[in-house]
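Everything quoted here is computed from the prediction, not taken from an experiment.
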Amino acid sequence: QVQLVESGGGLVQAGGSLTLSCAASERTSSRHTMAWVRQVPAKELEFVAAINWSGVSTYYADSVKGRFTISRDNAKNTVYLQMNSLKPEDTAVYYCNADARLVTKTYVYWGQGTQVTVSS
């Protein structure tokens, strides 16, 4: 039911930065925990970051902690992922998720994904 549209992916050199955006179609998404996950070509889906409805609680995979920052603007129904110090191993398709349930690792609503490619 919730529609998510990601943007901001692209090609960047190692050490560079990108910011991904995820716009949600419904105001009720402001009360969902939102998450970013990524799919690496030869690996399983990997959790990246999440943020609760109030924006005060955030969660990060160890691989991105200190480099990535998740934030949200509930008035705009938009979630962001600021990615700094990018590494080639960050190359993946990044998906925005609404109603992320971190204990069970289930993600109810998905965006279409946006490609991030980091070159050496």
Side-chain angles (χ1 to χ4, degrees):
Q1 185 174 353
V2 176
Q3 304 296 316
L4 305 173
V5 180
E6 299 114 326
S7 61
L11 175 65
V12 65
Q13 286 283 314
S17 299
L18 285 173
T19 298
L20 306 182
S21 298
C22 173
S25 63
E26 299 181 359
R27 293 194 303 271
T28 53
S29 67
S30 67
R31 294 193 176 273
H32 291 334
T33 294
M34 305 292 292
W36 291 93
V37 301
R38 66 188 182 187
Q39 184 175 12
V40 180
K43 297 182 179 180
E44 300 295 326
L45 198 69
E46 180 186 12
F47 168 80
V48 176
I51 186 167
N52 80 334
W53 70 269
S54 68
V56 301
S57 297
T58 57
Y59 310 87
Y60 297 95
D62 288 342
S63 60
V64 306
K65 191 174 297 182
R67 299 188 297 120
F68 291 10
T69 302
I70 188 170
S71 62
R72 69 192 299 168
D73 185 339
N74 289 341
K76 298 180 179 179
N77 293 326
T78 302
V79 180
Y80 306 93
L81 185 68
Q82 181 182 340
M83 305 184 293
N84 299 324
S85 301
L86 283 162
K87 305 174 181 180
E89 49 264 46
D90 294 318
T91 295
V93 177
Y94 284 71
Y95 297 92
C96 174
N97 304 111
D99 198 4
R101 306 183 183 191
L102 303 185
V103 174
T104 58
K105 297 184 179 180
T106 57
Y107 309 97
V108 178
Y109 303 103
W110 292 70
Q112 70 177 61
T114 185
Q115 176 71 46
V116 173
T117 302
V118 184
S119 61
S120 300

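- Taking 4.5 Å as the limit, every side-chain heavy atom of Val48 sits out of range of all side-chain heavy atoms of Tyr60.
- Going from atom OG of Ser57 over to atom CD1 of Ile70 covers 11.5 Å, rounded to the nearest 0.5 Å.
- The aromatic ring centres of Tyr95 and Trp110 sit less than 6.0 Å apart.
- Scanning both residues, Leu102 and Ala50, for their nearest heavy atoms gives CD1-CB, 3.7 Å.
- Side-chain N or O atoms of Asn52 include one that pairs as donor or acceptor with a backbone N or O of Val56 at under 3.5 Å.
- The environment of Gln112 atom CD is sparse: at most 12 non-hydrogen atoms of other residues, nucleotides or ligands sit within 6.0 angstrom.
- Residues Val37 and Phe47 approach most closely at CG1-CA, 4.0 Å, considering heavy atoms.
- Here the straight-line distance linking atom NE2 of His32 with atom CZ of Arg72 works out to 9.0 Å at 0.5 Å rounding.
- How far OG1 of Thr58 is from NZ of Lys65: 9.0 Å, rounded to the nearest 0.5 Å.
- Separating the CG atom in Asn77 from the OG atom in Ser25 is a distance of 8.0 Å, to the nearest 0.5 Å.
- Using modelled atom types, one side-chain atom of Glu6 and one backbone atom of Cys96 make a donor-acceptor pair closer than 3.5 Å.
- Salt-bridge formation is not detected for the pair Lys87/Asp90: no Lys NZ or Arg NE/NH1/NH2 atom is positioned less than 4.0 Å from an Asp or Glu carboxylate oxygen.
- For Asn84 and Ser17, the side-chain atoms include at least one donor-acceptor pair closer than 3.5 Å.
- Asn97 contributes no side-chain N or O that, together with a main-chain N or O of Met34, makes up a donor-acceptor pair within less than 3.5 Å.
- Taking CH2 of Trp36 as the reference point, atom CG of Leu81 lies at 6.0 Å (rounded to 0.5 Å).
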*Are Val108 and Arg101 close enough, and set up right, to give a side chain to side chain contact (heavy atoms under 4.5 Å, CB included), and what steps lead you there?*
CA-CA 8 Å; Val108 178; Arg101 306 183 183 191; 3.8 Å; yes
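- Although no hydrogens or angles enter the test, the distance criterion places a donor-acceptor pair under 3.5 Å between the side chain of Asn74 and the main chain of Trp53.
- Between the OH atom of Tyr80 and the CD1 atom of Ile51 there is a distance of 11.5 Å, given to the nearest 0.5 Å.
- Of the candidates Thr69, Thr19, Val64, Val116, Met83 forms a side chain to side chain contact (heavy atoms under 4.5 Å, CB included) with just one, namely Val116.
- A continuous path of hydrophobic side-chain contacts links Tyr107 to Tyr59 [ILVMFWY only; heavy atoms under 4.5 Å].
- Defined by atom type and a distance below 3.5 Å, a donor-acceptor pair is missing between the side-chain atoms of Thr91 and Glu89.
- Of all the heavy atoms in Ala24 and Leu4, the pair that sits closest is CB-CD2, 3.7 Å.
- In terms of heavy atoms, Pro88 sits closest to Ser120 at CG-OG, 3.7 Å.
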*Under the side chain to side chain contact (heavy atoms under 4.5 Å, CB included) criterion, do Asp99 and Val2 qualify, and how do the steps go?*
CA-CA 9 Å; Asp99 198 4; Val2 176; over 6 Å; no
*Kindly determine whether Ser63 and Glu46 satisfy side-chain hydrogen bond (donor to acceptor under 3.5 Å, both in side chains), including the steps that lead there.*
CA-CA 10 Å; Ser63 60; Glu46 180 186 12; 3.2 Å; yes
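- By the rule that hydrophobic residues join a cluster once side-chain heavy atoms approach within less than 4.5 Å of another member, Val40 and Val118 end up as members of separate clusters.
- Residues Leu18 and Leu86 have side chains in contact (heavy-atom distance under 4.5 Å, counting atoms from C-beta outward).
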